[in-house]
Participant: 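My structure is below; once you've seen it, I'll send some questions.
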Amino acid sequence: MARKKYYVTVDTEEISEVSLPDNGIEYEIYATPEEVKEIEVLFIRKEQNAKDAVKFVGKPFDERPVDAKRANYEGDLIALYRKLYDLGTDETKNEIKELRLF
């Protein structure tokens, strides 16, 4: 299947075929519909792990349960950026390299 150009904004979890630079930092990628779906799934997992970690804010001395949630969140975030890197244009790849996530 042919790849199309998309713009992905991680902060707002948006994937668009049109550039919306006022929405935050965009990453330009070329992806198939299946690859876009993979990014959407990573957004969902990242968001769920963030919500799960927040549940433990009221228990400041019991960090063990939240550590796993934080690790899951971080893993999902890195997987998301790695996917954007793999599908990204040269400019996108350079921007992600500068983040030094992996």
Participant: Check whether any side-chain heavy atom of Val36 sits under 4.5 Å from a side-chain heavy atom of Glu40, and report yes or no.
Facilitator: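 Sidechains of Glu40 and Val36: in contact.
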Participant: Rounded at 0.5 Å granularity, tell me how far CZ in Phe102 sits from CD1 in Ile96.
Facilitator: 6.0 Å
Participant: With rounding to the nearest 0.5 Å, note down the distance linking CG in Leu99 to OH in Tyr85.
Facilitator: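 Rounded to the nearest 0.5 Å, the CG-OH separation comes to 12.0 Å.
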Participant: Rounded to the nearest 0.5 Å, what separation is found between the CD atom of Glu74 and the NZ atom of Lys46?
Facilitator: 13.0 Å
Participant: Tell me, do Tyr27 and Thr89 make a side-chain contact under 4.5 Å, heavy atoms counted?
Facilitator: no
Participant: Checking Thr12 against Glu14: is there a side-chain donor and acceptor pair closer than 3.5 Å?
Facilitator: yes
Participant: Pair Tyr7, Ile15 - check side-chain contact (heavy atoms from CB on, under 4.5 Å), show working.
Facilitator: CA-CA 6 Å; Tyr7 298 89; Ile15 303 169; over 6 Å; no
Participant: Closest approach of Leu80 and Leu42, non-hydrogen atoms and distance?
Facilitator: CA-CD1, 3.7 Å
Participant: Do Glu35 side-chain atoms and Thr32 backbone N/O form a donor-acceptor pair below 3.5 Å?
Facilitator: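 Yes; at least one donor-acceptor contact below 3.5 Å.
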Participant: Considering non-hydrogen atoms only, spot the tightest contact between Ala31 and Leu87 and give its length.
Facilitator: CB-CD1, 3.9 Å
Participant: Measure the spacing between OH of Tyr30 and OG1 of Thr92 and express it to the nearest 0.5 Å.
Facilitator: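 Going from the OH atom of Tyr30 to the OG1 atom of Thr92 covers 9.5 Å.
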Participant: Is any NZ, NE, NH1 or NH2 atom of the basic residue among Glu17 and Lys5 found under 4.0 Å from an Asp or Glu carboxylate oxygen of the other?
Facilitator: no
Participant: Output, in order, the C-alpha distance, side-chain angles, deciding distance and verdict of side-chain contact (heavy atoms from CB on, under 4.5 Å) for Ile39 and Tyr6.
Facilitator: CA-CA 11 Å; Ile39 293 169; Tyr6 294 94; over 6 Å; no
Participant: Given Glu26, which of Thr9, Asp11, Val8 fulfils the side chain to side chain contact (heavy atoms under 4.5 Å, CB included) condition?
Facilitator: Thr9
Participant: Quick check for you: to the nearest 0.5 Å, what is the distance between Leu77 atom CG and Leu101 atom CG?
Facilitator: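 It comes to 6.5 Å.
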Participant: Give, for atom CD of Glu34 and atom CE of Met1, the distance between the pair rounded to the nearest 0.5 Å.
Facilitator: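 Here the interatomic distance stands at 5.0 Å.
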Participant: Indicate yes or no: at least one non-hydrogen side-chain atom of Asn94 is less than 4.5 angstrom from one of Glu91.
Facilitator: no
Participant: Do other residues, nucleotides or ligands put more than 12 heavy atoms under 6.0 Å from Ile25 CD1?
Facilitator: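 No, not enclosed.
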